[in-house]
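Note sheet for the following structure.
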Protein chains: 2
Amino acid sequence: MKEAIFKRKTNQREVILDIVRNTKCHPCVDNIYDEAREIMPRISKGTVYRNIKLLSQAGMVLELSIDHNVLRYDGSTHTHGHLLCENCGAVTDIELTSVSELEQQVKQQGYKINNTIVEFYGLCTKCNIKKDNHSN
Amino acid sequence: MKEAIFKRKTNQREVILDIVRNTKCHPCVDNIYDEAREIMPRISKGTVYRNIKLLSQAGMVLELSIDHNVLRYDGSTHTHGHLLCENCGAVTDIELTSVSELEQQVKQQGYKINNTIVEFYGLCTKCNIKKDNHSN
DNA sequence: ATACGTGCAAAGGTTTTGCGGTTCC
DNA sequence: GGAACCGCAAAACCTTTGCACGTAT
């Protein structure tokens with residue numbers, strides 16, 4: 001039922017998808033662009049923007065807005081959570097087991113769910129330990 | 001432990017907070033600005049940006065990034081979910097009962113949580129019904 | 001009186017887009 | 001060969017910021 005978003009296969013798009021799938025750091029477009037240029041020096045930032053948007057529309061990557069300053073992308077599309085560390089700024093994947101129960105609640109209220117995002121704002125494990133040491 | 005963010009009380013900030021608290025539509029800055037100008041015609045958009053940012057830093061409103069194009073604000077700061085309707089663009093509040101269990105999982109893994117956001121992407125009740133009628 | 005907040009406008013940063021050239025099919 | 005896609009640069013947007021003036025305390 002999903003229309004064909006990509007009419008042709010291109011090297012650029014493959015490189016972009018590869019980069020996002022092979023990192024755990026939830027890169028923004030600039031990060032992807034920098035890495036892509038090492039493989040393909042003439043790629044343009046516009047191409048990265050265009051393709052990453054298409055890839056997320058196609059459901060092949062996840063577009064994250066957890067960092068309110070910039071969109072980040074995630075190559076794992078299964079339902080999982082993210083935590084933004086308010087100390088170091090890192091975005092960490094969080095595996096969650098009981099999201100489907102939450103979704104069940106919502107569906108019973110008459111909504112249709114295509115995708116669920118769970119975001120936590122706080123401290124990652126490293127920064128949480130540091131905080132304990134210099135605690136106040 | 002929270003430092004004083006506001007050194008003075010201003011009319012502008014009160015109007016802004018009032019607007020966000022008295023709507024369920026999760027307005028963006030432009031929406032707030034338009035409404036504020038009806039009460040206070042000389043208010044500037046910069047003031048809205050400055051104050052809404054301060055209010056969210058103070059924890060008095062929630063800054064939502066569910067609509068990836070623009071930041072929206074929510075006057076309800078208790079933990080609850082949101083659904084972005086991919087058909088009509090509306091953002092709906094979703095009351096959720098079991099978020100604390102999710103948070104428990106995450107805390108046990110060594111993270112500290114200050115805030116939790118649950119977002120659903122799909123169809124609101126109205127659009128879901130329509131979809132059924134013209135179903136394919 | 002004084003320093004905090006506002007209004008205005010310019011600047012900053014991210015993302016989109018128009019266009020001519022290139023490439024995939 | 002022709003449509004789809006790219007590279008480049010400009011434009012569009014959202015948001016922040018500097019500065020002079022106004023205002024709450």
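Naming convention: chains lettered A, B, ... in sequence-line order (proteins, then strands); numbering from 1 in each chain. All values below come from the heavy atoms of this structure, side chains included, with hydrogens, waters and symmetry mates left out.
- Within the 4.0 angstrom heavy-atom criterion, only backbone atoms of the sugar-phosphate kind lie near Lys53(A); the bases stay farther away.
- Contacts of residues 16-34 of chain B with DNA chain D (heavy atom under 4.0 Å): none.
- Side chain to side chain, Thr116(A) and Glu119(B) fail the donor-acceptor criterion of an N or O pair below 3.5 Å.
- An OP1 or OP2 oxygen of dG7(D) is reached within less than 4.0 angstrom by a side-chain nitrogen or oxygen of Gln12(A).
- Computed from coordinates, the Met40(A) CE to dG7(D) C1' distance equals 12 Å when rounded to whole Å.
- For residues 61-70 of chain A, proximity to DNA chain D is found at no residue, defined as any non-hydrogen atom under 4.0 angstrom from a strand atom.
- Between the side chain of His80(B) and the backbone N or O of His78(B) there is at least one donor-acceptor pair closer than 3.5 Å.
- In this structure, Lys53(A) pairs ionically with Glu63(A), as a charged nitrogen and a carboxylate oxygen lie closer than 4.0 Å.
- A cation-pi arrangement is absent between Arg8(A) and Phe6(A), since the terminal nitrogen or guanidinium carbon is not both under 6.0 Å from the aromatic centre and inside a 45° cone about the axis.
- Atom CD1 in Ile5(A) sits roughly 11 Å away from atom P in dC5(D) (whole-Å rounding).
- Atom CG of Leu71(B) is separated from atom P of dC13(D) by 17 Å (rounded to the nearest Å).
- A salt bridge does not link Lys24(B) with Asp74(B): every distance from a Lys NZ or Arg NE/NH1/NH2 to an Asp or Glu carboxylate oxygen is 4.0 Å or more.
- dT16(D) atom C1' lies 15 Å from atom CD1 of Ile52(B), rounded to whole Å.
- Looking at heavy atoms from C-beta onward, Gln105(B) lies in side-chain contact with Leu96(A) at the 4.5 angstrom threshold.
- Here the options are Asp93(B), Asp67(B), Thr92(B), the test is side chain to side chain donor-acceptor pair (under 3.5 Å), and the partner is His26(B); only Asp93(B) passes.
- Asn128(A) and Lys126(A) are not linked by any side-chain donor-acceptor pair at a separation below 3.5 angstrom, with hydrogens and angles left out of the test.
- Here CG of Leu71(B) is found 11.5 Å from CG of Leu62(B). Values are rounded to the nearest 0.5 Å.
- One interatomic measurement links the two molecules: NZ of Lys45(B) to C1' of dC14(D), which rounds to 9 Å at whole-angstrom precision.
- Here the CG atom belonging to Asp18(B) is positioned 9.5 Å from the CD atom belonging to Glu35(B), to the nearest 0.5 angstrom.
- Note: CG (Leu54(B)) to P (dC4(C)) measures 13 Å, nearest angstrom.
- Side chains of Asn51(A) and Gln12(A): a donor-acceptor N/O pair is absent below 3.5 angstrom, by distance only.
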B/S/- contact track for nucleotides 17-25 of chain D, protein heavy atom under 4.0 Å: BB----BBS
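- A straight line from CZ of Phe6(B) to C1' of dC4(C) spans 13 Å, rounded to a whole angstrom.
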